[in-house]
Amino acid sequence: MRAMSAARSSTLVIVPAWNEGESVGPTIREILAQPEAWDILVVDDGSRDDTAVRAREAGATILSLPFNLGVGGAMRAGFRYAQRHGYTRAIQVDADGQHNPRDIAAVLDGLERADISIGARFAEVGDYSARGPRRWAMRMLAGVLTRISGTRLTDVTSGFRAANVRAIDQYVDYYPAEYLGDTVDSLVNAVHAGLTVVQVPVAMRPRAAGRPSQNPLGASLYLLRSVFALSLAIMRGAASKTGVRA
Ligand SMILES: Nc1nc2c(ncn2[C@@H]2O[C@H](COP(=O)(O)OP(=O)(O)O)[C@@H](O)[C@H]2O)c(=O)[nH]1
Ligand SMILES: [Mg+2]
């Protein structure tokens with residue numbers, strides 16, 4: 001339920017963080033250095049290091065989850081917080097420094113044209129490259145999402161994405177918690193619910209410190225999982241259109 005309360009800004013930057021003690025502080029400071037004065041919520045997901053302390057020192061509000069839910073679960077908690085506190089826009093920015101805070105405003109501007117705005121790699125900007133099966137799977141996912149959303153999308157696994165009120169409400173209703181089923185699955189469901197999507201080109205930076213939560217094998221399995229999740233989501237969508245419940 002949407003509450004009107006004393007949020008300082010109408011936009012919430014949600015930062016999912018898991019054992020990011022080294023990078024979360026600099027990331028928050030960089031976000032706060034932007035001229036717009038957005039509110040920042042770090043969702044600390046059962047980190048075993050000093051992520052929460054560092055984030056608070058840097059000036060963020062902290063939501064500490066009692067145990068690790070994964071990025072999807074953490075983001076859903078963040079969207080619920082946004083809804084309860086009456087924010088009209090929310091944007092995910094990773095704690096590791098890969099999402100450049102200078103691009104936040106541009107990704108948020110995408111919300112003037114659609115309900116969800118994705119900061120996308122390799123749409124003209126930057127030199128991000130994936131090879132082999134990863135590239136193939138990412139292209140396939142992008143191709144299918146382009147068809148069902150009716151907008152050209154090149155990077156549907158990007159976590160750098162913004163949501164308006166409709167999308168926040170949709171995500172609170174449905175945001176998969178399974179590890180990294182989050183990006184693709186949440187998008188397919190949002191599109192099926194009638195929400196619109198745009199992408200905004202951004203360059204991604206290397207992670208500032210620490211380690212990615214996924215090794216190359218894990219990343220490939222994730223893509224495979226996404227392909228699978230997408231097929232299921234499409235079948236669910238098709239079933240609901242014909243009135244059959246899956
Ligand atoms: N809340 C939460 N955040 C996570 C978890 N795993 C990763 N993250 C955060 O999600 C963001 C992206 O994770 P990362 O491992 O860098 O993924 P990659 O950029 O796709 O390789 C970072 O800010 C991580 O701290 C988790 O289990 N819970
Ligand atoms: Mg990362």
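As the structure lists them, so they are numbered: ligands from 1, and atoms in each ligand from 1. The analysis underlying the following values was restricted to heavy atoms, covering all of them including side chains, and did not include hydrogens, waters or symmetry mates.
Considering only heavy atoms from C-beta on, I31 comes within 4.5 Å of V15 through its side chain. Considering only heavy atoms from C-beta on, M204 comes within 4.5 Å of S158 through its side chain. You'll find the side chain of T196 stays beyond 4.5 Å of the side chain of T151, heavy atoms only.
Those atoms of ligand 1 with a heavy atom of R207 less than 4.0 angstrom away are 14 (P), 15 (O), 16 (O). Of all atoms in ligand 1, listed by their number and element, those nearer than 4.0 Å to a heavy atom of N68 are 26 (C), 27 (O), 28 (N). Counting atoms of ligand 1 from 1 in the listed order, those under 4.0 Å from a heavy atom of A74 are 1 (N). Listed by number with element, the atoms of ligand 1 under 4.0 angstrom from any heavy atom of Q98 are 16 (O), 19 (O). The ligand atoms of ligand 1 that sit less than 4.0 angstrom from a heavy atom of V43 are 1 (N).
Scanning L65, D45, V71 for the heavy atom closest to atom 4 (C) of ligand 1 points to V71. Within the set M75, H99, E20, the minimum heavy-atom distance to atom 24 (C) of ligand 1 is found for E20.
Contact analysis leaves G159 out of contact with ligand 1, as no non-hydrogen atom separation drops below 4.0 angstrom.
Around the Mg ion (ligand 2), the protein contributes the following N, O or S atoms under 2.8 Å, ordered by chain and number: D96 OD2, Q98 OE1.
Shown here is R147, whose CZ atom has no more than 12 heavy atoms of other residues, nucleotides or ligands within 6.0 Å.
The shortest N or O to N or O distance between L69 and ligand 1 is not under 3.5 Å. Looking at A95 next to ligand 1, an N or O pair under 3.5 Å apart turns up.
Applying the side-chain hydrogen bond (donor to acceptor under 3.5 Å, both in side chains) test to every pair with at least one member in residues 59-81, sequence neighbours left out, gives these pairs: D45-N68. Among residue pairs with one or both ends in residues 145-170, those qualifying as ring pair (Phe, Tyr, Trp, His ring centres under 6.0 Å) are H99-F160; sequence neighbours excluded.
A distance of 12.5 Å separates CD1 of I116 from CD1 of I91, quoted to the nearest 0.5 Å. Expressed to the nearest 0.5 Å, how far CG of L12 lies from CD1 of I40 amounts to 9.0 Å.
A salt bridge is defined here as a Lys NZ or Arg NE, NH1 or NH2 lying under 4.0 Å from an Asp or Glu carboxylate O, and E22 with R207 fails to meet this definition.
Residue contacts with ligand 1, taken as heavy atom pairs separated by less than 4.0 Å, involve D94 via backbone and side-chain atoms alike. Heavy atoms of T157 found under 4.0 angstrom from ligand 1: none, in either backbone or side chain.
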In residues 102-114, what donor-acceptor pairs under 3.5 Å come from side-chain atoms, sequence neighbours left out?
none

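Shown here for T27 and G97, the closest heavy-atom pair between the two residues is OG1-N, 3.6 Å. Across every non-hydrogen atom of E20 and T51, the tightest pair is N-OG1, 2.8 Å.
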